[in-house]
Enquirer: 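Before we start, here is the structure in question, set down as structure tokens.
Note that ligands are numbered from 1 as they come in the structure, with each ligand's atoms numbered from 1 the same way.
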Amino acid sequence: MTDPRELVGALVAELPDWLPSQRWFAGKDRAITAVRPLGTTVLMTGDPLLLHLVVEVEQDDRRDPYQLLIGSQAHLPEYLGSSWIGTEKGLPCYEATGDADLTGRLLDLIVEQDRIGSLRFDREPGAEVRGGLRARPVGAEQSNTSLVFGHHSILKLFRKLTPGENPDLRLHRALHGVGSRHVADLLGSITGELHGEPVTIGMLQKFIPDAVDGWAMATTSVRDLMADPGLPPDEVGGDFAGEAQRLGQAVASVHSDLRRALGDEIADEGEFDRTVKAMRDRLDTVSRAVPELAGHTTALRAAFDKVREASGPVAMQYIHGDLHLGQVLRTVTGWLLIDFEGEPAAPAAERVALRSPLRDVAGMLRSFDYAAHQMLIGADDDPKLAERALEWARRNRSAFCDGYAKAAPGTIGDPRDHADLLRAFELDKAVYEVAYEHANRPEWLSVPLTSIARITSGGDQP
Ligand SMILES: Nc1ncnc2c1ncn2[C@@H]1O[C@H](COP(=O)(O)OP(=O)(O)O)[C@@H](O)[C@H]1O
Ligand SMILES: O=P(O)(O)O[C@H]1O[C@H](CO)[C@@H](O[C@H]2O[C@H](CO)[C@@H](O)[C@H](O)[C@H]2O)[C@H](O)[C@H]1O
């Protein structure tokens with residue numbers, strides 16, 4: 001029988017070519033200079049073989065750890081052909097998250113609260129987890145890989161590993177602990193080891209089979225509005241304003257639960273200077289890479305500088321960090337928030353820092369703008385459609401803020417009362433989006449760029 005470590009030793013040589021084609025691989029814009037195995041755990045022996053692998057990917061001066069689930073068997077079934085990575089020591093090796101015959105093992109290990117090598121499989125206290133189920137990967141294009149077991153649970157395997165406890169797990173656990181109605185129940189987790197320290201490998205949650213994501217609902221509503229140009233928005237069948245308001249209430253409720261669970265603190269004097277510096281630094285970096293941003297830098301800097309004039313105490317707390325319509329699920333009982341990992345490209349320290357909850361509000365306001373304007377990408381200029389898109393965005397941004405204000409009598413109250421801060425956070429997010437679209441969807445670049453032009457010229461406050 002082939003020694004799994006020898007197999008891994010040979011397989012890592014294939015990874016520099018294979019990794020860039022994976023949706024979840026975060027370093028697609030830089031060449032890979034080396035891949036080294038950091039840890040190998042045998043989860044199933046024999047044929048098929050199931051290995052858990054942590055590798056370090058070197059790119060320029062960065063070294064990022066990623067986790068892989070590797071299967072190997074003498075006769076690779078046809079349906080797994082597209083998961084093939086390489087044939088080592090005469091054995092086909094493949095990415096195993098799509099192999100339903102193998103991935104059930106991960107769930108069973110959580111049910112049994114097992115430990116294999118440096119991997120620890122835990123059930124949350126009191127959680128009932130059903131084992132013996134086959135998994136299907138979530139089809140959507142994601143930063144991580146999620147596996148759905150029956151209609152019961154969903155296991156997220158974090159691909160790029162963040163040292164320590166992943167904020168997604170930490171914040172879900174905290175919210176679950178205070179009984180938040182706006183997150184799915186946490187059922188379990190998988191912890192590994194990175195350079196001798198614990199690291200979150202996976203998170204198991206209750207699967208909500210009837211959930212629809214906010215982006216799908218919002219873009220359907222925009223389409224309905226465009227299809228009925230003569231009707232006022234409140235008379236169009238798919239009007240979203242009621243949902244936007246409930247979503248605002250849900251986000252405010254999650255913020256207040258996070259404060260209750262993990263506390264908050266008033267921003268110190270240096271906070272605003274640090275915030276402006278970070279916004280200016282990001283702007284400088286992004287405008288070097290994206291020339292289309294150059295014409296907006298003066299107006300953006302002026303808007304960022306207004307943060308220094310923010311009046312009154314500003315509370316800092318744990319927040320979602322990358323809130324948009326794709327991160328919220330509508331279920332029969334209301335809105336759920338998912339994916340509390342923060343911006344995928346943000347440094348680990350930033351993701352665990354206390355921040356203003358207005359950033360999440362700004363993220364969602366940006367998303368309403370996106371939902372309205374994505375319909376216009378690639379279409380011929382049509383001032384009527386453009387006006388209709390703006391109308392949808394204004395109506396739903398304002399409904400969202402109404403909902404937030406209604407449910408947040410505490411520290412922030414109505415987000416619109418912090419106009420300068422909110423505008424700066426929105427613009428900072430739009431600069432992030434310029435970088436994101438430039439790297440991932442160049443044809444969408446006009447969406448954040450047009451918003452930046454509009455907001456800096458005085459338009460678009462909710
Ligand atoms: N508890 C859940 N119930 C149903 N579907 C879920 C649940 N959690 C996540 N999903 C689905 O899985 C997808 C990926 O989840 P997400 O946490 O956003 O992963 P990623 O970090 O890879 O972006 C979501 O877009 C959503 O469709
Ligand atoms: O969902 P992720 O955590 O991977 O977030 C990244 O990808 C998002 C796109 O899928 C991106 O969001 C941007 O596009 C959305 C529409 O597709 C829009 O609703 C968001 O407002 C906009 O920011 C997100 O920025 C990025 O981090």
Enquirer: Looking at Trp392, I'd like to know if the NZ or CZ of Arg395 sits under 6.0 Å from its six-membered ring centre while staying within 45 degrees of the ring's axis.
Expert: no

Enquirer: Checking the N or O distance criterion of under 3.5 Å, is ligand 1 in contact with Leu329?
Expert: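 No, since none of the N or O atoms of Leu329 sits under 3.5 Å from an N or O of ligand 1.
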
Enquirer: Heavy atoms only, cut-off 4.0 Å: how does Glu341 contact ligand 2, side chain, backbone, both, or neither?
Expert: neither

Enquirer: Can any side-chain N or O of His438 pair as donor or acceptor with the backbone N or O of Val434 at less than 3.5 Å?
Expert: no

Enquirer: Flag yes if more than 12 heavy atoms outside Asp281 fall under 6.0 Å of its CG atom; otherwise flag no.
Expert: yes

Enquirer: Considering residues, nucleotides and ligands other than Lys160, do more than 12 of their heavy atoms fall under 6.0 Å from its NZ?
Expert: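 Enclosed.
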
Enquirer: Which atoms of ligand 2 sit under 4.0 Å from any heavy atom of Asp322?
Expert: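 Going through ligand 2 atom by atom, the ones under 4.0 Å from Asp322 are 2 (P), 3 (O), 5 (O), 27 (O).
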
Enquirer: Begin with the C-alpha distance, continue with both residues' side-chain angles, and end with the deciding distance and a verdict on ring pair (Phe, Tyr, Trp, His ring centres under 6.0 Å) for Phe207 and Phe149.
Expert: CA-CA 8 Å; Phe207 179 68; Phe149 293 95; over 10 Å; no

Enquirer: How does Ile154 reach ligand 1, by side chain, by backbone, by both or by neither, if only non-hydrogen atoms under 4.0 Å count?
Expert: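 The part of Ile154 near ligand 1 is the side chain, not the backbone.
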
Enquirer: Would you mind listing which atoms of ligand 1 come within a distance below 4.0 Å of any non-hydrogen atom of Gln327?
Expert: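 The atoms of ligand 1 under 4.0 Å from a heavy atom of Gln327 are 18 (O).
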
Enquirer: Pick, from Tyr432, Trp444, Tyr436, the option with the minimum heavy-atom distance to atom 27 (O) of ligand 2.
Expert: Tyr432

Enquirer: Could you establish whether Arg159 and ligand 1 come within less than 4.0 Å of each other, counting only heavy atoms on the residue side?
Expert: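 For ligand 1, residue contact (heavy atoms, under 4.0 Å) with Arg159 is absent.
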
Enquirer: Counting only heavy atoms closer than 4.0 Å, does ligand 1 sit against the backbone of Thr145, its side chain, both, or neither?
Expert: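 Neither part.
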
Enquirer: Going by atom types alone, do Glu341 and Asn144 pair a side-chain donor with an acceptor below 3.5 Å?
Expert: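 Yes, Asn144 and Glu341 have a side-chain donor paired with an acceptor closer than 3.5 Å.
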
Enquirer: When you look for heavy atoms under 4.0 Å from ligand 2, do you find them on the side chain of Ser367, its backbone, both, or neither?
Expert: both

Enquirer: Looking at side-chain heavy atoms only, is the closest gap between Arg105 and Leu102 below 4.5 Å?
Expert: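 Arg105 does not reach Leu102 side chain to side chain.
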
Enquirer: Specify side chain, backbone, both or neither for Ile338, according to which of its non-hydrogen atoms lie closer than 4.0 Å to ligand 1.
Expert: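 For Ile338, only side-chain atoms sit under 4.0 Å from ligand 1.
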
Enquirer: Any atoms of ligand 2 less than 4.0 Å from a non-hydrogen atom of Gln327? List them with their elements.
Expert: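 Counting atoms of ligand 2 from 1, those under 4.0 Å from Gln327 are 1 (O), 3 (O).
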
Enquirer: Counting only heavy atoms closer than 4.0 Å, does ligand 1 sit against the backbone of Lys206, its side chain, both, or neither?
Expert: backbone

Enquirer: Indicate yes or no: does an N/O atom of Asn144 lie under 3.5 Å from an N/O atom of ligand 1?
Expert: yes

Enquirer: Considering the heavy atoms of Ala184, write down every atom of ligand 1 situated less than 4.0 Å from one of them.
Expert: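 The atoms of ligand 1 under 4.0 Å from a heavy atom of Ala184 are 1 (N).
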
Enquirer: Would you say CD of Glu128 has more than 12 non-hydrogen atoms from neighbouring residues, nucleotides or ligands within 6.0 angstrom?
Expert: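 Atom CD in Glu128 is not packed in, count stays at 12 or less.
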
Enquirer: Honestly, is Arg416 close enough over Tyr404, meaning NZ or CZ under 6.0 Å from the six-membered ring centre and within 45° of the axis?
Expert: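 Not flagged: Arg416 not positioned over aromatic ring of Tyr404.
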
Enquirer: Is it true that atom NZ of Lys277 has more than 12 heavy atoms of other residues, nucleotides or ligands lying nearer than 6.0 Å?
Expert: no

Enquirer: Using a 4.0 Å heavy-atom cut-off, which part of Asn440 comes near ligand 2: side chain, backbone, both, or neither?
Expert: neither

Enquirer: Run the contact test for Gly326 against ligand 2 with a 4.0 Å cut-off on heavy atoms, strictly below, and give the result.
Expert: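 False for this residue.
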
Enquirer: Classify the ring geometry of Phe340 against His320: parallel below 30°, tilted from 30° to 60°, perpendicular beyond 60°.
Expert: tilted

Enquirer: Hey, is Glu433 one of the residues with a heavy atom under 4.0 angstrom from ligand 2?
Expert: yes

Enquirer: For ligand 2, which atoms, with element, lie under 4.0 Å from some heavy atom of Ser143?
Expert: 4 (O)

Enquirer: Of the non-hydrogen atoms in Leu262 and Arg170, which two are nearest, and what is the gap between them?
Expert: CD2-NH2, 3.8 Å

Enquirer: Can you figure out which of Arg441, Arg366, Glu437 has its heavy atom closest to atom 15 (C) of ligand 2?
Expert: Arg441

